[in-house]
Protein chains: 2
Amino acid sequence: MTSPGSPEGTKEEADACRFERDPFQWDVREDCQVRQILDRIADKWSLLVIALLDEKTLRFGELVREIDGISKRMLTVTLRNLERDGLVGRTVYPEVPPRVEYELTPLGRTLLGTTQALVSWSEEHQEQIARARQEFEAANGAD
Amino acid sequence: MTSPGSPEGTKEEADACRFERDPFQWDVREDCQVRQILDRIADKWSLLVIALLDEKTLRFGELVREIDGISKRMLTVTLRNLERDGLVGRTVYPEVPPRVEYELTPLGRTLLGTTQALVSWSEEHQEQIARARQEFEAANGAD
DNA sequence: CTGAATCCGAGTTGATACTG
DNA sequence: CAGTATCAACTCGGATTCAG
């Protein structure tokens, strides 16, 4: 990956959010762009949508059915946000009945590695976490 | 986080959440362990706390001051959740005044790579996203 | 100093009904 | 089919207060 400290940023806003000391220590100001982006892609549904769109474009209804528990409303909102951020593309086919397909943009594709890593981590450690929870509950009498 | 009426907590259910076909296609059931874990580590503050605890243990007050915008309440809640999941360790020193230090557990450390990747991605693509947003607003008359 | 408990407003989400 | 509109429910988060 690219080095975080690339000094090309003349944007003063971005500047305030860059790595400042070590690569592992970052400035966590609330108005930071990174924070906003993180909040978006790490929300409840975005990761799932991105993951599902990895292989093939999907229609709205297909996404609703694939994602257990999502409402049409939230899917619409999520899709809009992703579209807004240039991560997902939306194509309307002027047919009857209407058909709308969603697909990852090249930018959206660059996220795949990371999201998959997150999911994989969760997968690999879910048992360990479950165990930790049990111990915690046991030690603290569950609330 | 967890849905109000969602029954959870069965160990064998985790099985239903594993990758089933391709490495990129996962089951996205709502009661999936992975989903729950994802919701936890991807929440508004957890990533920041984990990142800050990477280098050194920190006291409660230090974390409050480091994380711009967080309240004591939310830090307490976040810390407790992370502790519950075994990602963060809590050490109380029976002194006066009281001192409590937080540190990453080995399990918590395994998350660092992924979280850093996420942050790096956000860093590297923030301008691209900002541009995409502008275009989107322009095209859609900025709702 | 740490942090639990309570109150309460604000923002989010879901169910339903409706439109093109 | 693909959304939008609306309202009610819910949750989150902050301020404050209290306790060890």
Exercise for review: Return the value, rounded to whole Å, for the distance between atom CZ of A:Arg99 and atom P of D:dA2.
Suggested key: 9 Å

Review point. B:Trp121 and side chain to side chain contact (heavy atoms under 4.5 Å, CB included): which partner among A:Leu38, A:Thr115, A:Ile37?
Key: A:Ile37

Review point. Roughly how far apart are B:Ile67 CD1 and B:Thr78 OG1, rounded to 0.5 Å?
Key: 7.5 Å

Practice item. Would you indicate which nucleotide in D:dC1, D:dG20, C:dG3 comes nearest to any side-chain atom of B:Pro98? Key: D:dG20

Practice item. Measure from the side-chain heavy atoms of B:Phe60 and tell me the nearest of C:dT2, C:dA4, D:dG3. Key: C:dT2

Review point. Between the main-chain N or O of A:Asp43 and the side-chain N or O of A:Ser46, is there a donor-acceptor pair closer than 3.5 Å?
Key: no

Review point. About how many Å separate CD1 of B:Ile41 and CG of B:Asp85, when rounded to the nearest 0.5 Å?
Key: 9.5 Å

Exercise for review: Would you indicate whether the side-chain heavy atoms of A:Asn81 and A:Arg40 approach each other to under 4.5 Å?
Suggested key: yes

Review point. With a 4.0 Å cut-off, would you call B:Arg133 and B:Glu135 a salt bridge?
Key: no

Check your understanding: So which heavy atom on A:Asp54 is nearest to which on A:Arg109, and how close?
Key -> O-NH2, 4.3 Å

Practice item. Measure from CD on A:Glu66 to P on D:dA2 and round the result to the nearest Å. Key: 13 Å

Review point. Taking A:Ser122 for the side chain and A:Leu118 for the main chain, is one N or O donor matched with an acceptor at less than 3.5 Å?
Key: yes

Exercise for review: Look at B:Glu101 together with B:Arg90 and state whether they make a salt bridge at an N to O cut-off of under 4.0 Å.
Suggested key: no

Exercise for review: Return the angle between end axes of the helix from C:dC1-D:dG20 to C:dG20-D:dC1, with five pairs used per end and rounding to 10°.
Suggested key: 40°

Study note, to complete from the structure: Per nearest nucleotide of DNA chain D, the residue lying toward the 5' end, B:Ser71 or A:Leu79, is A:Leu79

Using the 3.5 Å cut-off, write out each protein N or O paired with an N or O of nucleotides 6-11 of chain C and the distance between them.
none

Exercise for review: Please state how far atom NZ in A:Lys72 lies from atom P in D:dT6, giving the value in whole angstrom units.
Suggested key: 16 Å

Check your understanding: Just how far, in rounded Å, is C1' of D:dC1 from OH of A:Tyr93?
Key -> 15 Å

Practice item. Kindly point out which of C:dT13, D:dG3, C:dG20 is positioned nearest to the side chain of A:Val100? Key: D:dG3

Practice item. Look at A:Arg80 and D:dT4 and indicate whether a side-chain polar atom (N or O) is within less than 4.0 Å of OP1 or OP2. Key: yes

